[in-house]
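A short worksheet on the structure shown next.
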Amino acid sequence: MNVFVAKNFSPVPSLAVSPNITVTAQEPESGLRVYFVQEGGQLPANLDLSWDQLEEWGFTGKKHEHLFLPAAGSILLLGVGSGMESACDLRDATAAAVLAMPKAQSFVFDIPDCGSCARRRTQLAIEGAMLARYNWDALKAKKYEHPLRDLTFVVQEEDLELAQKGILRGRLYARATSLARDLTNTPPRHLNAVDYAKVVEEIAPSFGLTTEIFDKEKIIEMGLGGVLGVNAASDQEPRVICVRYVPEHAQTKNPQAKIALVGKGITYDSGGISLKPSNASHALMKMDMEGSAVVLSTMSTLRDLGVQHEVVAWLMCTDNMPSGKATKLGDVLTIRNGKTVEVKNTDAEGRLVLADGLALAVEEKPDVIVDVATLTGAAMAALGTETAALFSNSDSLAEQLERAAVRADERVWRMPLDHRYCRHMKSLVADISNMGGPYGGAITAALFLENFVENIHWAHLDIAPVMSYESQQLWLTPGASGFGARLLSDFIEKFETLDEDVVEVGC
Ligand code: BES
Ligand code: ZN
Ligand code: ZN
């Protein structure tokens with residue numbers, strides 16, 4: 001029994017709440033009415049307003065400036081600057097609106113014409129509003145009092161049907177990101193690998209997914225030396241969680257493609273024997289399982305999106321602890337595919353569990369593998385906190401991911417898989433070392449992983465840079481970001497078979 005965790009604690013509270021969302025062609029009677037206003041642009045015809053008056057009140061229509069007009073019957077004007085150039089601006093605008101009125105629970109938005117179809121517009125508007133109001137209060141005595149209850153979108157009569165479809169997708173995408181945030185925000189004692197596997201087993205059927213859980217005994221039998229090496233000092237068993245989506249419809253007896261996802265699920269990264277310093281970044285290491293949470297959350301969208309591909313996910317879960325039983329520097333681990341790794345730093349543990357995960361994924365010969373991991377501080381040093389690092393052995397795969405990243409507004413930047421960096425990972429005693437040189441740590445980490453993907457199209461997303469935020473930025477809330485769940489859902493939904501060949505390379 002875990003005496004630190006209340007019986008009724010749920011690590012996935014977001015699954016239990018969701019606003020009512022409607023689209024209508026008629027003006028609704030209640031709710032805070034939001035109008036998007038361009039700088040010096042047209043004002044809502046039904047309101048008796050002039051720019052002279054508005055400027056007197058300090059409203060000029062600058063991006064995300066707002067003015068609340070209670071006398072006019074609960075109206076919010078929200079500035080959109082020179083206009084909404086891309087659909088992503090609409091996601092930002094609804095986020096800005098629900099943040100401008102943090103206690104309001106019912107909002108009514110127009111879906112303006114911003115150059116893309118009503119379905120996508122509605123989807124993004126919902127994502128912005130729902131994600132901006134995400135709030136993880138599972139462990140607070142005083143719960144958040146002002147959740148979003150109703151979202152209404154006013155559209156043209158002819159757009160009703162498409163907008164309706166946008167509701168489904170907006171809700172799904174927002175729920176996926178929220179689910180990833182929930183799991184990632186959960187403290188380490190409230191979610192160890194064993195608990196994590198139970199949660200996945202519990203929620204997966206409702207998303208039309210099947211799960212297979214591998215416990216320590218099975219992990220030993222399977223020869224997952226990376227997972228065992230990282231888990232060696234832990235008081236908790238590791239878990240490898242395999243989650244599967246197989247499209248149901250008869251038309252897809254033969255799914256169009258097979259996609260494998262692999263997620264780093266380090267439920268707490270102390271660094272192991274290479275202990276991390278007790279600083280603020282160490283305190284965030286409960287989030288070192290975000291890659292696996294993002295992978296699971298992506299899986300949660302597939303059935304309802306009607307995805308026609310088969311998708312299999314490997315969540316590689318354990319904590320990384322020091323103790324008398326810990327893996328020592330100089331120890332050599334044998335990965336699932338027989339390759340040996342000299343551990344020169346126990347804090348470079350993510351690549352060890354991912355190596356086993358990638359090797360497992362490869363065995364089913366998928367068309368593509370994507371792994372997601374909070375892998376290196378070096379990625380953050382290189383890119384700051386706005387962009388994740390993307391590595392791939394396939395230009396066409398990288399391009400598809402880059403396009404999905406723009407649509408999701410989860411930005412990635414492709415980095416080089418340059419084999420000249422391999423020389424830093426030489427080991428005298430094993431096939432490879434888990435440490436690179438002093439610089440380019442995100443690159444050597446990615447090159448390490450490449451040794452386990454054979455000739456399969458593979459991409460690696462190092463999400464350490466975007467793992468979490470300290471303060472609210474529109475639809476990004478303080479705490480875990482859930483970065484990648486929307487990107488990957490969109491990528492899988494639109495995935496097109498890759499015809500370029502990949503040659504097996506390694507260090
Ligand atoms: N989980 C960390 C990477 C990390 C750091 C994620 C900061 C998010 C924020 C990873 O396991 C790690 O410790 N990496 C080391 C690798 C090094 C020892 C080769 C790093 O980045 O310093
Ligand atoms: Zn580490
Ligand atoms: Zn780590």
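Bear in mind the structure is a predicted one, so any value in this text is a computation, not a measurement. Note that ligands are numbered from 1 as they come in the structure, with each ligand's atoms numbered from 1 the same way.
In this structure, R336 fails the cation-pi test against W314, since its NZ or CZ atom is not both closer than 6.0 Å to the six-membered ring centre and inside 45 degrees of the ring normal. In this structure, R181 is positioned above the aromatic face of Y134, its NZ or CZ under 6.0 Å from the six-membered ring centre and within 45° of the axis.
Within a 6.0 Å sphere centred on NZ of K143, heavy atoms belonging to other residues, nucleotides or ligands number more than 12.
Between the OD2 atom of D269 and the NZ atom of K264, the angle centred on the Zn ion (ligand 3) amounts to 170° when rounded to 10°.
The single protein non-hydrogen atom nearest to atom 7 (C) of ligand 1 is M285 CE, 3.6 Å, given as residue, atom name and distance. Of all protein heavy atoms, the one closest to atom 2 (C) of ligand 1 is D269 OD2, 3.6 Å. In terms of protein heavy-atom proximity, atom 3 (C) of ligand 1 is closest to L375 O, 3.5 Å. The nearest heavy-atom contact from the protein to atom 18 (C) of ligand 1 is N345 ND2, 3.4 Å.
Between the D319 side chain and the T267 main chain, no donor and acceptor come within less than 3.5 Å of each other. Between the N320 side chain and the T346 main chain, a donor and an acceptor come within less than 3.5 Å of each other.
Side-chain contact check for S14 and S178: no donor-acceptor pair (N or O, by modelled atom type) lies under 3.5 Å. T374 and D288 form a side-chain donor-acceptor contact under 3.5 Å, judged by distance and modelled atom types alone.
Note on R411 versus D409: salt bridge recorded, some NZ/NE/NH1/NH2 to OD/OE distance being below 4.0 Å.
Summary: OE2 is the N/O/S atom of E349 found nearest to the Zn ion (ligand 3).
Residue D288 counts as close to the Zn ion (ligand 3), with an N, O or S atom under 2.8 Å.
The shortest separation from a heavy atom of M287 to ligand 1 is not under 4.0 Å, leaving the residue out of contact. Assignment of R351 to the shell around ligand 1 is supported, since a heavy atom sits closer than 4.0 Å.
Any N or O atom pair closer than 3.5 Å counts here, and G377 shares at least one such pair with ligand 1. Checking only distances, D347 does come within under 3.5 Å of ligand 1, N or O to N or O. For ligand 1, the polar-atom distance check finds an N/O of K276 within less than 3.5 Å of one of the ligand's N/O atoms.
With ligand atoms numbered from 1 in the order given, ligand 1 contributes 11 (O) to contacts under 4.0 Å with heavy atoms of E349.
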